[in-house]
Amino acid sequence: MTEYTSFKVSQDGPIARITLNRPDKRNTMTPAFWAELPQAVNALSDAGETRVLILDAEGPVYTAGMDISVFTDANALKTDTASLREAFMTAATALQDSFTAFEKARFPVIAAIQGPCVGGGVDMICAADMRYGTDDAWLRIEETNIGMFADVGTLQRLPGLIPEGVARELAYTGETLSADRAERLGLYNAVLPDGEALKAHVDRIAHSIAQKAPLTISGIKRSFLYARDHTVSDSLEHAMTLQASLWSPEDIMEAMTARGEKREGEFKALTPVKRMGQS
């Protein structure tokens with residue numbers, strides 16, 4: 001397993017886990033984090049063995065967002081000329097791609113949020129498929145409070161997860177969203193009393209997903225994402241084309257047999273993806 005500087009990756013059968021492991025630094029997102037995260041997610045997705053990914057963290061703070069070191073590189077932040085502004089935009093787009101990797105992965109991503117989640121952390125969890133938190137897992141769009149606007153996914157994804165008026169309120173004011181209110185709004189699937197209960201609950205959900213046929217789960221995720229960005233008519237046509245592409249009589253028979261025998265189904269892993277240039 002590859003080692004990373006801002007998080008660790010672990011694997012328990014078909015369930016993978018990316019754990020932010022800089023609790024002494026409030027799990028802030030260093031420059032290395034933004035490059036390493038999509039590498040890790042893409043590697044898990046391409047290998048084909050992972051059926052669900054859990055995104056969690058060590059310590060009392062889930063993440064305080066962007067590390068201050070990102071803002072101290074004067075050269076990276078210069079926008080004095082059109083050429084510098086173009087370079088700035090290109091670099092910033094790469095940050096967006098880091099979280100879009102969660103959406104492009106062939107498996108669902110579950111954010112298990114213990115403690116506060118601020119700034120870039122909100123961008124990150126909005127790109128996950130599901131979110132669960134502890135009762136102290138409050139959120140804040142911190143960018144508003146430091147003279148900029150969130151530009152790595154919160155403003156684009158959050159209005160699709162909660163009422164748009166509430167998303168606008170949180171973005172305009174930079175005020176805190178409590179875990180309790182986040183659950184009432186549907187942003188959190190559930191709120192648990194502490195980290196131990198959160199882990200147990202998320203592990204149960206992950207295990208339930210991991211029991212299902214990987215092709216089925218991949219198809220469901222692709223359909224949800226396509227429907228989010230297209231009309232119902234277009235999405236229905238896409239779903240039928242996708243279903244025809246992924247239809248697996250073997251998986252269907254195994255799922256029905258396993259149900260009748262009251263056991264977990266035994267399904268083949270997804271075929272590994274070989275990208276151009278890889279050996």
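Being a predicted model, the structure only gives us computed values, none of them experimental.
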List the atom of Leu44, the atom of Ala16, and the distance in Å for their closest heavy-atom pair. CD1-CB, 4.0 Å

Arg263 and Glu254: CA distance, side-chain angles, deciding distance, salt bridge (charged side-chain N to carboxylate O under 4.0 Å, His left out) verdict: CA-CA 10 Å; Arg263 61 173 175 82; Glu254 170 59 15; 2.7 Å; yes

Does a side-chain heavy-atom distance below 4.5 Å link Arg51 with Ile15? no

Separation between CD1 of Ile162 and SG of Cys126, rounded to the nearest 0.5 Å: 8.0 Å

Determine whether Leu270 and Glu49 make a side-chain contact, defined as any pair of heavy atoms from C-beta on separated by less than 4.5 Å. no

Give me the one residue out of Thr5, Asn27, Thr28 that meets side-chain hydrogen bond (donor to acceptor under 3.5 Å, both in side chains) with Arg22. Thr28

Taking side chain as C-beta onward, heavy atoms only, is Lys104 less than 4.5 Å from Val41? no

Verdict with supporting geometry, Lys8 and Glu58, salt bridge (charged side-chain N to carboxylate O under 4.0 Å, His left out): CA-CA 10 Å; Lys8 61 184 177 182; Glu58 296 177 356; 3.0 Å; yes

Gln114 side, atom CD; Leu20 side, atom CG - distance, nearest 0.5 Å: 8.5 Å

I need the single residue from Val191, Leu192, Leu185 that forms a side-chain contact (heavy atoms from CB on, under 4.5 Å) with Tyr188. Which is it? Val191

Describe, in one word, how the ring planes of Tyr226 and His238 are oriented to each other, choosing from parallel (under 30°), tilted (30 to 60°) and perpendicular (over 60°). parallel

Can you see which heavy atom on Gln211 is nearest to which on Phe267, and at what distance? O-CE1, 3.1 Å

Can you check whether His207 reaches Ile209 side chain to side chain, under 4.5 Å on heavy atoms? no

Test applied, side-chain contact (heavy atoms from CB on, under 4.5 Å); reference residue, Val122; option that passes from Thr63, Val152, Thr154: Thr154

